[in-house]
Every structure is written in structure tokens, then in C-alpha cells.
*Asks:* 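One structure follows; several queries about it will come next.
Note on naming: letters A, B, ... go to the chains in the order of the sequence lines (proteins, then strands), and numbering restarts at 1 for each one. The structure displayed is predicted, hence computed values, not measured ones.
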Amino acid sequence: MQDKYQPAAIEAAAQDHWDSTMAFRATEDSPRPKYYCLSMFPYPSGKLHMGHVRNYTIGDVFARYHYMRGYNVLQPMGWDAFGMPAENAAIQNNVPPAKWTYDNIDYMKDQLKRLGFAVDWSREIATCAPEYYRWEQWLFTRLFEKGLIYKRLGTVNWDPVDETVLANEQVIDGRGWRSGALIEKREIPMYYMRITAYADELLAALDTLPDWPEQVKLMQKNWIGRSEGVEAHFPYDATSIGEAGALKVFTTRADTLMGATYVAVAAEHALAMIAAARNPALAAFIEECKQGGMAEATLATMEKKGMDTGLKVVHPLTGESLPVWVANYVLMGYGEGAVMAVPAHDERDFAFARQYGLPIRMVIRSTEGRYTEVSEQWIDAYAEYGQLVNSGKYDGLDYQGAVDAIAADLAAKGLGQKRVQFRRRDWGISRQRYWGCPIPMVRCDDCGDVPVPDEQLPVVLPEDVELTGRGSPLTRMPSFFECACPRCGKPARRETDTMDTFVESSWYFLRYASNDNSEAMIDARAGYWAPVDQYIGGIEHAILHLLYSRFFTRALRDCGLIDLSEPFARLLTQGMVVASSYYREDENGNKQWINPTDISVTTDERGRPVNATLKADGLPVTIGGIEKMSKSKNNGVDPLSMIEQYGADTVRLFIMFAAPPDQQLEWSDSGVEGASRFLRRVWAFGYGLLTEHGIGKNSEIPSSLPAPLADVRREIHTHLKQANHDFAKHQFNTVVSAAMKILNALEKLPHGDASASAIAFEGFSILLRLLSPVTPHIAHALWQECGLGDDILAAPWPEPKSDALAQDEIELMLQINGKLRGSFRVTADAQRSDIETTALATEAAQRFMEGKPAKKVVTVPGRLVNIVV
RNA sequence: GCCGGGAUGGCGGAAUCGGUAGACGCAGCGGAUUCAAAAUCCGCCGCUGGUAACAGUGUGGGGGUUCGAGUCCCCCUCCCGGCACCA
């Protein structure tokens, strides 16, 4: 055995061992219970970053822990390989997206392997491979035929200079990121997935997921956004609108209907179009509303603007004529694209009415009587529920009574009814981009939109293309889009849009189980492994990816492909990796971000940072604060260079120790140094065990130990108990800390004593097994070197022994009036009355009670006594 | 703007059911070892006062419940994630 810890050698040896024994090849015929452990697959952006390393280390800890706990574990890995960055790289470097992507996959796979993850690589998938996306196309045609996919107009960001559709990310302050042109909203035909058909089920089933973080379930619930309310119809005023009809609005505050003084419609609304045709100023305003991006955050923070259309509608209850306004804050995509405005009881309507001089009519009086009339300034109490006033026959009703009565009256007139509205809209999946899965549809002048038949799948994406940044190259490739209509055989045009990349990631977890099947999308093996028992990924996916996957699983279920509704039984959302950032400003005032590896920081005598300098020139730089590791802030730390310097185990140990998995993790070079120091001590202890404690290996631990040895052993088993408890709640940072405490205890054991050596062997075997999921290489090597067994993966998980934990006396805290004033010892089985007598007799109690009698004594067995005087 | 989360020493964090605040680690300070350094080992380490014993104070800010609050309730501030075409 080497006397020094040499991570490079032992990591290579351990990885060879796992490879040659195919240790992590998962099969479906094991007697063990199955455990499907999955980390969100990476986008092959070029290099592994620390966020990946953290994600996959957490996953690997779950996988290896369950392996040792006796489960049949599957931990696969693959590539979320379609997406925009490949196109951007192609434009920049003149490399086809496919080559760029596959090169990145090769490079990142090598990096991943260096970390020693217990991955079954035989199941690897890449979503850009035709073998993968053909099944996505196949499913698309099924869903289209079932009516779960349909086509309609949708809004996109249009760059009029580059003549291309931009992602929200590519719109910066309302302008295209490359052209700088003002972006406008444009309506184009797109395919939609009918996720709203499952809205109720997706919402209700959140209650069947006890092992998902509450915050994620809450975000999903709010995102689906079920609200119960009333649909009200405002008939068109025949004198101002030529045609017959009614304006529909949805409201959750039907109790305020009598206070509606105008209605507002979105710029794209039919009434807006009618009015614009007669009024050039209004047409110009509507054009103005179309400027700027489509992102909700942009729309919601915009200055509220509106214009009167001159059109009138009729209030469904009072018959009053109300003006119709166009307002930029009304969204065409939500509800009916129109709202009734009640300025007295809605903050946004209030501001709008004040701005444009529209009437404000108070119809609710707050039950606490906080106001009796509407003032100049909005106060939040106006929006509270209360009793109706100024509402004719509805006066005096409360919220529920008013809603019931008004809904009934609307229904009687045929002008509305109660209804449920969801915030969640259908999922638009068409992308006017090249590097994605082609939508398997054909447009025929005679037959309309026709799905590509199974025998013509996959529709292969041509990989030899040139990207210009002006639209998708597919639209310029007749060899791709010219085809015969599958139905009538006449010349037709193939769809050139591709699918949103969220589609690929909505079902990949099932394909891992059937990745070699060229006859079917998924097979019985998916039924064996699904659902994923533990899913690990970033909190940023809490809504979209997870909701789409839950929807897709149900769609697959309803196509008869799998008997499953929820794809992920347990979920852990990991925090971000952040690091200090540093910069200098150049002569134009632009920040030049400097990588932390090129910085040295000086501290004062207490260790507080005073200033930072660039190593190269010794001159000061500005400390820019703690930021998410990113290219733009140049504060990323390269995982590979860390592995080369310290070994994979050190990197894994630091990541698991520095923060709980769901919180943000701050990178610290000296913290990594500390992790490395700990592993060197572990190695040194193992070496010492062989060379000095050697005799203890086979000796039994005597039933009666001298007190100091019994204390050390109790300490070890107490820490083990703690570690097992923390493993169960996924708090891995304190698992590592328990392992450190065990080593601290072990190092206190004397050498040359047979009982001490026996305890050392027992304790070290506990330590190695505890560490094995986190630092598998060193645990594997020391387990063999110290003769504890052949393969630590086959060792049983350690459990604390009750005889080691037993103790005769315990220490209790003494409080006087809730303040800690001392402590005292009692036997472990002492009765409450004995504890109180002992407590009152202590010197500290006598001193702080100052002779006054105890008014009350609170005793918490095993914890403390509080004397109130 | 809307939805969700967070704030504890110089730093990362711990505190299992409302019961010893600061475990474990980092940084720092002091010492041992060394020709010297690195590495290693030992000790100290919230803040204020005090040589010390000890006392006071302390979990973003303000209020409340309780014998007892980092933990529960109300209000506020700041920071972070998401907002439907980044993945």
C-alpha cells in the first residue's frame, strides 16, 4: 500500500475495475427492487461546467447509496442535443450544427467519465439522432390524429431586418440582438399541444407527489392557474357596431359587475380590428402595441396605454352603454382577450381610469368599514371582498351570494354563466429554426395538413447545411421540402418548422429503458423501470420541463404506450453554483471580467477580504460580488483542471460538503483544499491502520470497554446514526460532516491496544462505507488495501449498534427564567421528580434564584429544566 | 408587474417536534516540528466589557405568541430563480 494518497492512480484503477466488471450495467431480471435514478441530461454546449458536476454528483450519491442498500439501480446518461446554441455557433464559426454538437458530446463524455459516475453508458441517447427523434415524429402523428395537436395562429418575435423569428432571449430591450432592429409581434400558423385538456388532472395529481418539494408543486399549481369565475357577455351596441354579437369576458370578481364602467380589449381583438378599419389613429395605436417582444415580463412592466375605439357594448345587467377601449395590458392569449374594467376595485383598472378620465363607481364596501368612498389614491383595501352597495337588487350581498345571484341572472338572460378558467395556455411547439426535430407534416393544397405516414418516418433533418442567421436553411432546400402529398400524391410542401426542444426532453427518461429498440418507441422495459424513483435537476426547470413531462407521460398513457401517469416519483431541485467575480473598467467604462484563478485576495487580521489584485501585474481590481458561474462574468472554474489538480473524489467531496444540495453552492478554492486535506487524512489513517493497528483486524470488541474507549465508540456510532438520518433526508453536507467527525474520533484512539485497534477497524469500515457514495474511488481502494473485503459496492450499508450507543449518565441544561445558567448530570433513567430535585439543588440554581421560590418548573426529559421565579 | 425561494460569526454552513445558537469545514491568530519553507500536529477563535472568573448582547429590520423563538404569527427591506421561443 502506498503511504501517500495518490488520487490519479487510484481513480484510474477504480474506474477500470468498474468498467471491466460492468458494475453499473443495469438489467431487468434482478431479484432486487428497482431504483431508477436520473439526473437531467446536459445540453452539449462544449465543456462540462460546475453546475453539471454538481447535478451528476448528487445523482451519483443517490445511485451508489441505493446500490449499497440493495437496489437494482439504473443511472443512465444522454444528451439534450437540439437547440439554438448550435445554430449560433454555426453562424459564428462556420461549422455545421451537427458536427459541432457531436464533437461536444465526445468531449463532454470524456469529462464525465473522469468523475467516476456509476452510469450505464450502454443506454446513452442523443436527441438529435434520427433513431431518437423518429419516435417523436411517430408520436406527433398519433397525437395529431387524436386531436391533441392542432394548428392555429400564434405570436412570435419578428426581426424585420434579419427577417427571422427570434427567441425571447434574443430580444434585448425590444430590439434584435444581432440586427438591433425594433422587434414586432407577428402572427403565424403554428402547431399546438393541447396541454389544457389535462389541466385539471395535472393540477389534481400534484397531491399524489408527496416527495416533490412543496415550492415546486406550488409553482406548478399557480402556473396551471385554475380560477373559478363567471363568463359575462356584453352585447354589441347596434348603433356603434354594425354586426350582431357579444363581447365575452371572464372575471373572478363577478360581484363587482355592477361597477364595470368600460371594457378593454387586446390590440389583436376582433373589435379592435373593426374599429381600426374606420379610425387611422386607432390603427396606428394598434401598430404601436405590436412593437416590442412577446415576453410576459416585458408586457407586464410596460407603461399602461390605451385608446377609445368609439365602439360601445351593453352592460348585461343594467343595459347601460359602455365604451370599448384597446389596452396594451390586455393579453390576447389569456381568457377571451378582453376584460371588464371595474376601476373602483381593481388597481390596474383604477390607474387606467384615472389616466384617461373614465368613471369610477364604488360597489363594494369593505366589511371592516375601512373606506366609504373612493379617493384620489389607490389603497389595497379597495380590492378586498365585502358587502355590495350601489348595486340595486344585489345590495347587501356578500361575495359568494353576489356571484351566485349575478351568475344566475346572466344565465337566465343567456348572457353568461359560471365557468373555470386556466392561466395555462396550450403549448406552441413550432419553431422556425433548423437544428431541431422536423415536424412530420405535409401541406397539400387539396388535402390540407397531412401527417407523414409511419413508413416514411423518420423525416430526416439534413445535416450538411450552411447557416446565415436569416431564417431556417430548410426553407431554402427544395430537396427537403418538395414532396408528394401522402394522401393524394400531388406535389406538396413539407413542413419546414421544427419542434421546440422541450419536446425531446419530455419523454427521454422512458427511451433510456428501450434505447436499442428500432421497432417501437418504448417497450416493456420502460414499464419495469418507470417511474423515475429519484429525479435531480436545477430549480429553473421547476415549471416548464417538469410540467411538459407530466403532460407527455399522460399523453403516452392515453395512446396506450405505458401504464403511468406521473414520470418522477421523487424530485430534488439542486441549487446553482456561484463564485466571486472580479473586474476592471476599461477606458470606455466597460467591465472587463477577470477569472478568479488570476486574482489574489488579501485579508485583514480577522480574515476579512480587504482588496483583490491581478496576479499578473499586482494592481488592484474591483470585487464584483457573488454571481452564478457564467461565461459573461468570467467566473467559471473548469472542472477538468480541478480534477487534474486534486482528483475527482476531492471535487465531489467539496461539492457535497459545501452546501445542502437544494441551496446555492459557493465555489471556494480553499474549501477544495480542505476537502483534499481530509482525504489525505483518511488515506493516512488507513495506512496507519495496517502498519500500526494491524493486530486488531480480527479481534472482537470486548463487551466491557474502559470508559475512554467506550466514549470514542459511542461517538462513532452516534455520528453514523446522524449520517443515516441525514442520508434519508438528502442532506448530504451533514453526511460528510458526520464522516469528518468519525475520522476525528478515530484519530483519538491510542495505538498498540487490542481493543482500540478493534474499534479502529470497525470505525474505519463504517467511515469508508459512509464515504463510498460521495468519494467512491478512495473508498474502493482503501476497502481492498485494508483487507475489509473484495468490493465495497457489495458490502452491507452500516447501521449503528445499540450496545455502542448506550450510556449511563446524561447532561441536562439548566435555565432560570429561560436563560441558560448551567448544566447538571443525571442517570439516563432518572425520573422527572429526581431531575427537578437535582436541578433545584445545583449551585447555579441557588445563586440565580436569589432565595425566591420557584413559580413553575418546566422539565423536558433528555433536554433541560427551566425554573421560573 | 405576477409566482416561488432565501437572509445565522470574517466565509460556507449546523441546530431532527418550539428547548445548549454557531456542530463540521474554510480563513485568521498563537505554538510545535524544520537550517528555512511547504506539508503535518497542538491550541485559540460571534460581538462588547473584563487579566480572569464572569456579565451583557446576538440568527436581515420592526412587532407579537410562549416558561422558552433562528424555528410559529403579522408587517417591512434586500438578494436570487421562473414568467410560456435560453436550456
*Asks:* For B:rU57, take OP1 and OP2 only and decide whether either is under 4.0 Å from a side-chain N or O of A:Lys819.
*Replies:*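 A:Lys819 to B:rU57 OP1/OP2: side-chain N or O found under 4.0 Å.
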*Asks:* Tell me which of A:Arg680 and A:Ile188 sits closer to the 5' end of RNA chain B, going by the nucleotide each one is nearest to.
*Replies:*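 Mapping each residue to its closest nucleotide by heavy atoms, the 5'-most match is A:Arg680.
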*Asks:* Answer syn or anti for B:rG9, where the cut-off is 90° from 0 on the glycosidic torsion.
*Replies:*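 Syn, since the glycosidic angle lies within 90° of 0.
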*Asks:* Identify, between A:Asn733 and A:Thr501, the residue whose nearest nucleotide on RNA chain B lies closer to the 5' end.
*Replies:* A:Asn733
*Asks:* With a 4.0 Å cutoff (strictly under), does any side-chain N or O of A:Asn88 reach OP1 or OP2 of B:rC86?
*Replies:* no
*Asks:* Kindly indicate whether the side chain of A:Asn866 and the base of B:rC67 share any N or O donor-acceptor pair separated by less than 3.5 Å?
*Replies:* yes
*Asks:* Examine B:rC85: is either OP1 or OP2 under 4.0 Å from a nitrogen or oxygen in the side chain of A:Arg431? Give yes or no.
*Replies:* yes
*Asks:* With rounding to whole Å, what would you report as the distance between B:rU48 and B:rG58 at their P atoms?
*Replies:* 15 Å
*Asks:* Which value, in whole Å, describes the distance between the P atoms of nucleotides B:rC26 and B:rA21?
*Replies:*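 Those two atoms are separated by 25 Å.
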*Asks:* Please report the distance separating the P of B:rG10 from the corresponding atom of B:rU65, rounded so that it comes out in whole Å.
*Replies:*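 About 31 Å, rounded to a whole number of Å.
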*Asks:* Between B:rG19, B:rG25, B:rG1, spot the one nearest the side chain of A:Ala297, thanks.
*Replies:* B:rG1
*Asks:* Mind checking if A:Gln722 touches a base, just sugar-phosphate, or nothing, with heavy atoms under 4.0 Å?
*Replies:* base
*Asks:* Check the distance between B:rG1's C1' and A:Trp378's CH2 and give it to me in whole angstrom.
*Replies:*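 Spelled out: CH2 on A:Trp378 to C1' on B:rG1 is 15 Å.
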*Asks:* Nearest to the side chain of A:Ala659 - B:rA87, B:rA23, B:rG13?
*Replies:* B:rG13
*Asks:* Check whether any side-chain N or O of A:Arg677 sits under 4.0 Å from OP1 or OP2 of B:rC26, and answer yes or no.
*Replies:*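 Yes.
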*Asks:* What distance separates A:Phe552 CZ from A:Met193 CE, expressed to the nearest 0.5 Å?
*Replies:*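 Result: 4.0 Å between the selected atoms.
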*Asks:* Can you find a side chain N or O atom of A:Asn222 that sits less than 4.0 Å from OP1 or OP2 on B:rG4?
*Replies:*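 Yes, such a contact exists.
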*Asks:* Give the rounded distance in Å between these two atoms: CH2 of A:Trp223 and P of B:rG81.
*Replies:* 16 Å
*Asks:* What distance, rounded to whole Å, do you find between the two P atoms, one in B:rU77 and one in B:rU66?
*Replies:* 28 Å
*Asks:* Suppose you measure atom P in B:rG82 against the same atom in B:rG28; what distance do you get, rounded to whole Å?
*Replies:* 35 Å
*Asks:* Taking the P atom of each, how far is B:rG22 from B:rU16, in whole Å?
*Replies:* 13 Å
*Asks:* Looking at A:Gln664, does any N or O in its side chain come under 4.0 Å of the phosphate oxygens OP1/OP2 on B:rA7?
*Replies:* no
*Asks:* Which nucleotide in the set B:rC85, B:rC24, B:rA84 lies at the smallest distance from any side-chain heavy atom of A:Arg433?
*Replies:* B:rC85
*Asks:* If you compare every side-chain N and O of A:Ser737 against the phosphate oxygens of B:rA23 (OP1, OP2), does one of them come in below 4.0 Å?
*Replies:*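 Checking B:rA23 against A:Ser737, no side-chain N or O comes under 4.0 Å of OP1 or OP2.
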*Asks:* Report yes if at least one side-chain N or O of A:Asn168 is closer than 4.0 Å to OP1 or OP2 of B:rA84; otherwise report no.
*Replies:*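 Yes, such a contact exists.
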*Asks:* B:rC42: syn or anti, with syn meaning chi within 90° of zero?
*Replies:* anti
*Asks:* State whether the distance check finds a donor on one side and an acceptor on the other, under 3.5 Å, for side chain A:Gln170 versus base B:rC85.
*Replies:* no
